[in-house]
Protein chains: 2
Amino acid sequence: MKFLTDFINSIEKTPDVSIEKLLTIISYKEFKKGDSIAKLGEIPSDVYVLKSGVIRSFFTDEKGKEYIRNLFIPVKTTGALGALILNKPSRLSYDCLTECKVYSINFNKFKKLTKEDKAISNLYSTILEYIFLTLESKIYDLSVLNATERYLKLKKQIPDIEHLIPQYHIASYLNITPVQLSRIRKEIYSK
Amino acid sequence: MKFLTDFINSIEKTPDVSIEKLLTIISYKEFKKGDSIAKLGEIPSDVYVLKSGVIRSFFTDEKGKEYIRNLFIPVKTTGALGALILNKPSRLSYDCLTECKVYSINFNKFKKLTKEDKAISNLYSTILEYIFLTLESKIYDLSVLNATERYLKLKKQIPDIEHLIPQYHIASYLNITPVQLSRIRKEIYSK
DNA sequence: TTATCGTATTAACATATGTTAATAGGTTTG
DNA sequence: CAAACCTATTAACATATGTTAATACGATAA
């Protein structure tokens, strides 16, 4: 499993013996477009390493309106971490916007390994640090940037985003309506 | 140091021997209103446990406008964690809105302990998990709630917030102008 | 006490974005 | 091919919030 070993070591240099332990609880899976990897209201069991494809996470409000909170592209860890930590039903759904190839990890088994193995505990801390930095940046974007700036930033991060998913999903990720995204695109590309 | 021991154990039950190690790198400090515990553009060295007082973290944009990102009340960990993780100049400032009593922890020494001591590594993971949940909730608030709802939520979390800090700070935390907060308050309290 | 200063409110106007609905393209399906 | 469907665009209008400036209020200092 060179792919996984490399991914783990890119996060935090980890002894082979610890990686061996991790590999025993990791399995490969494929999902189709539209498949869900974690559902609203259900207690999730797994976290994932995304090898290929695009996954979105989203809230749903009382009216059924969806708010995409995050877009995941390879190589990233993904899954309903908040619900896994709390062992409660997830407030977010996660589903595949394209066909996805993932490695699936049982979170409880993983947490058990963190309690037993110092290197794995350190690995987990480092992953949480990365996630912290990502969320902090997301809060900055939502607080300080306007919708046009958020759109340009997304385009910079994922240049072919327009080909990967429909615009109404992009709009939701930017926390605006498709109508407003259309206006912004018109404004930008008319120049 | 019963206060600290209790605080640590409330996060994650930790062996006394590990707590002993932690206590060797922790020191008590007091700050005056307006003092800074981490400055924009400077590489920070410490994280803190807030024992009393109110601390705010904030961005500053090119025009010098401040965006309060978080308000910390006891008992919470605080400090420029993003900058500490990256060992880079902080994009956020942290300062005391009131007199503050804190415990100060050198982050590098703390990180060194996490590499050596499994229990401390687990403690760090658990702290990061809590922070993750807090930030995820903050993103939800910024995405899904309108300003009135964010205000009511803040009032619920910190009922005496109006007495602790001026309204223009509250407005900044809510990501609106003082003018808009005034409108919202008028609307709410006229009912 | 009066003057000063920081803060909050209010009004008037500007702007970004939301809502709804109509329309136009493109793709899929019968 | 035509029908049906999904998506994006556009227009018209509504709303939340920003900006600026004037005013009022409250605390502190002279």
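Throughout, a chain's letter reflects where its sequence line sits, starting with A, and its residues are numbered from 1.
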Across all chains, not counting sequence neighbours, the salt bridge (charged side-chain N to carboxylate O under 4.0 Å, His left out) partners of B:D6 are B:K2
Residues of residues 144-164 of chain B with a heavy atom under 4.0 Å from any atom of DNA chain C, listed by number, are none
Measure the distance from [atom1] on [X] to [atom2] on [N] and round it to the nearest whole Å.
X: A:L181; N: D:dT7; atom1: CG; atom2: P; result: 14 Å
X: A:Q167; N: D:dC6; atom1: CD; atom2: P; result: 18 Å
X: B:L142; N: D:dT17; atom1: CG; atom2: P; result: 13 Å
X: A:K186; N: C:dT17; atom1: NZ; atom2: P; result: 16 Å
X: B:E187; N: C:dT10; atom1: CD; atom2: C1'; result: 15 Å
X: B:Y168; N: D:dT19; atom1: OH; atom2: P; result: 18 Å
X: B:I165; N: C:dG6; atom1: CD1; atom2: P; result: 19 Å
X: B:N175; N: C:dT17; atom1: CG; atom2: C1'; result: 15 Å

Query raised in the report: What is the nucleic acid contact for B:P166, judged by heavy atoms within less than 4.0 Å: base, sugar-phosphate only, or nothing?
Result: sugar-phosphate
_What contact category does A:Q180 fall into here, base, sugar-phosphate, or nothing, at under 4.0 angstrom with non-hydrogen atoms?_
base
Examine distances only and state if a side-chain atom of [X] and a backbone atom of [Y] form a donor-acceptor pair shorter than 3.5 Å.
X: A:T14; Y: A:I19; result: no
X: A:D160; Y: A:H163; result: no
X: B:E116; Y: B:L113; result: no

* To do: Please check the phosphate of C:dG18 (OP1 and OP2 only) for any side-chain N or O of A:T177 closer than 4.0 Å.
  => yes
Original post:
Does a sphere of radius 6.0 Å around NZ in B:K155 hold more than 12 heavy atoms from other residues, nucleotides or ligands, not counting ones at 6.0 Å or beyond?
Top reply: yes
Exercise. Among side-chain atoms of A:E66 and A:Y168, is any donor-acceptor pair under 3.5 angstrom?
Worked result: no
Quick note, A:I176 side chain, CB onward, closest among D:dG18, C:dT17, D:dT10 is C:dT17
From the candidates D:dT17, D:dT20, D:dT7, the one with an atom nearest any side-chain atom of B:V179 is D:dT20
>> So that I know where these two stand, are B:Y103 and B:F7 an aromatic pair - ring centroids less than 6.0 Å apart?
In response: no
Is any side-chain N or O of B:R183 under 3.5 Å from a base N or O of D:dT19, one able to act as donor and the other as acceptor? yes
